[in-house]
Amino acid sequence: MDVSQWVIDLKLAPANRDRLEGHIRCGSTPQKLVLRAWIALLSDGMRLSGAIAREVGVALPTVHQRQRRVQEQGGVDGLLPAG
């Protein structure tokens, strides 16, 4: 199976979704964190990893890395600073 066809549903808690959306809306959030937040939000559901990579404009391994980090941390703490 082509790895771009993988679907990883992160099943983010509402509080985590709100936190990620807040970082995206905040004009002072560094762009690398905005990108990470978008990847996590787009991975909350049944979207193909390849589609997420194309939409965000990153390489497929970047999407997989961010998805794994959220899974391993049990939430978004591995992607974003505390707050």
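In this text the structure is predicted, and so the values were computed from the model without any measurement.
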Thr29 side chain to His23 main-chain N or O, any donor-acceptor pair under 3.5 Å? yes
4.5 Å side-chain heavy-atom contact, Val70 and Leu12: yes
Kindly indicate whether the side chain of Ile24, heavy atoms from C-beta on, has any atom under 4.5 Å from the side chain of Leu41. yes
Rounded distance [0.5 Å steps], [atom1] in [X] versus [atom2] in [Y]:
X	Y	atom1	atom2	result
Leu48	Leu42	CG	CG	12.0 Å
Leu20	Leu33	CG	CG	10.5 Å
Glu72	Asp77	CD	CG	13.5 Å
Gln65	Ile39	CD	CD1	9.0 Å

Residue list, side chain to side chain contact (heavy atoms under 4.5 Å, CB included) with Asp18, at least two apart or on another chain: Glu21
Across all chains, not counting sequence neighbours, the side chain to side chain contact (heavy atoms under 4.5 Å, CB included) partners of Ala59 are Pro61, Thr62
Given side chain to side chain contact (heavy atoms under 4.5 Å, CB included), test Ile52 with Gln67 step by step and report yes or no. CA-CA 11 Å; Ile52 294 169; Gln67 290 169 333; 4.0 Å; yes
All pairs passing salt bridge (charged side-chain N to carboxylate O under 4.0 Å, His left out) where residues 5-16 contributes a residue, at least two apart: Asp9-Lys11
All side-chain hydrogen bond (donor to acceptor under 3.5 Å, both in side chains) counterparts of Glu55, not counting sequence neighbours: Arg47
